[in-house]
Amino acid sequence: MRSLEQRRKYIQMKMIQHESITDVHKYQRRLKRLMRYHKLLTNLEVKQARENLRKALK
């Protein structure tokens with residue numbers, strides 16, 4: 001029984017890590033797309049996009 005519980009916890013941890021990686025990739029793609037049009041963005045919008053990326057990387 002103990003090994004099943006350990007396996008469940010391990011799988012759950014890996015799923016959380018996978019979701020975090022997916023979020024990081026999503027924010028990276030969004031930031032790249034925004035940066036292409038950075039001349040059209042305000043400084044506040046650029047700052048907010050960078051902060052979102054930093055949060056996703058943590």
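Note: hydrogens, waters and symmetry copies are ignored here, and every other heavy atom, side chains too, is used. Since the structure is predicted, the reported quantities are computational estimates derived from the model, not experimental observations.
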K.L.:
Using a cut-off of 6.0 Å, state whether more than 12 heavy atoms not belonging to M13 lie near its atom CE.
P.N.:
yes
K.L.:
Test side chain to side chain contact (heavy atoms under 4.5 Å, CB included) on R8 and E5; report intermediate values, then the result.
P.N.:
CA-CA 5 Å; R8 186 188 65 76; E5 182 67 22; 2.6 Å; yes
K.L.:
Looking at R54 and E51, does any basic side-chain N land under 4.0 Å from a carboxylate oxygen?
P.N.:
no
K.L.:
Which value, rounded to the nearest 0.5 Å, describes the distance between L53 atom CG and K32 atom NZ?
P.N.:
10.0 Å
K.L.:
Is it the case that over 12 heavy atoms from other parts of the model lie below 6.0 angstrom from the CZ atom of R7?
P.N.:
no
K.L.:
Do other residues, nucleotides or ligands put more than 12 heavy atoms under 6.0 Å from the CD atom of Q48?
P.N.:
no
K.L.:
At their closest point, which heavy atom of R50 faces which heavy atom of L31, and how far apart are they?
P.N.:
N-CD1, 4.3 Å
K.L.:
Going by heavy atoms in the side chains, are K14 and Y10 under 4.5 Å from each other?
P.N.:
yes
K.L.:
Please report the interatomic distance NZ(K26) to CG(N52), rounded to the nearest 0.5 Å.
P.N.:
9.5 Å
